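Every heavy atom of this structure was used, including side-chain atoms; hydrogens, water molecules and symmetry mates were not. Because the structure is a prediction, the values reported are computed rather than measured. Whatever order the structure lists them in is the order used to number ligands and atoms, beginning at 1.
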Amino acid sequence: MIYLAEGPRVAIRYISMQDFEELAALHEESAQLLARWMPGAPLVTYAEFERYMSRFDGPLNEGFLICLRDTGAIAGRVNVNNIIRGTHQSAMIGYSAYASTTGHGYMTEGLRLLVGYAFGEMKLHRLEANIQPDNAPSLSLIKRVGFQREGYSPNFQFIDGAWRDHERWAVTVEMTGA
Ligand SMILES: CC(C)(COP(=O)(O)OP(=O)(O)OC[C@H]1O[C@@H](n2cnc3c(N)ncnc32)[C@H](O)[C@@H]1OP(=O)(O)O)[C@@H](O)C(=O)NCCC(=O)NCCS
């Protein structure tokens, strides 16, 4: 397995079509956990997965997986979306763990690796995360990873049947001390 960055327990790599079966099983077991917080299709059929993967064809979005180093099993997913180059060098991240992988600290370790990779190899300067105000686990996670709260965006994204308010969090290279 070609990993892009490795920590003590997890490593990150690019997502690929070969991950369909493992991800479909994770998405099926996690349907309840994900529906309220994650936009888009549930990714349990091959057609849904193919459509989802097509967003990574161009330079705008990159998809990563957080994997356990000892087994290679997938523990989480992180997308770097809406990459803007030029004088911004910024992107928006979206992420999730799964029912069987949440609550172990894998996402904290994986997101820290992702931030390092985004600011290093991807040459980005700012990452933004938008989180619903009642998503306590996600707010705790993003704080642990070093993001700062920038503001509040009413009716920001259509998720689970309604336009949901989100808090806007971000981290820049400067905040990491680099
Ligand atoms: C948001 C989400 C990714 C957070 O995942 P998470 O599992 O809480 O994050 P981590 O993997 O870093 O785990 C941290 C938790 O594991 C616990 N933990 C247990 N063993 C640990 C260990 N060895 N090391 C570190 N933490 C450990 C921590 O105490 C923490 O729990 P706490 O917040 O109750 O204190 C997850 O809840 C999720 O996928 N939710 C649905 C999708 C979603 O909301 N996505 C984000 C949209 S903005």
Practice task
Could you list the residues that satisfy salt bridge (Lys or Arg N to Asp or Glu O under 4.0 Å) with R149, not counting sequence neighbours?
Solution key: E167

Practice task
Please state whether the rings of W163 and F158 are parallel, tilted or perpendicular, taking 30° and 60° as the class boundaries.
Solution key: perpendicular

Problem - Close aromatic pair by centroid cut-off 6.0 Å: F56 and Y52 - result: yes

Exercise for the section: Using a strict cut-off of less than 4.0 Å between a Lys/Arg side-chain nitrogen and an Asp/Glu carboxylate oxygen, indicate whether D134 and R164 qualify as a salt bridge. Expected result: no

Problem - Aromatic ring pairing Y14/Y117, orientation class (parallel under 30°, perpendicular over 60°, tilted between) - result: perpendicular

Handout entry: Residue contacts for ligand 1, heavy atom to ligand atom, distance under 4.0 Å
Key = R9, L33, L34, W37, M38, Y95, S96, A97, T102, G103, H104, G105, Y106, M107, T108, N130, I131, N135, P137, S138, L141, R144

Exercise for the section: Answer yes when R126 and E150 have at least one side-chain N-carboxylate O distance shorter than 4.0 Å, and no when they do not. Expected result: yes

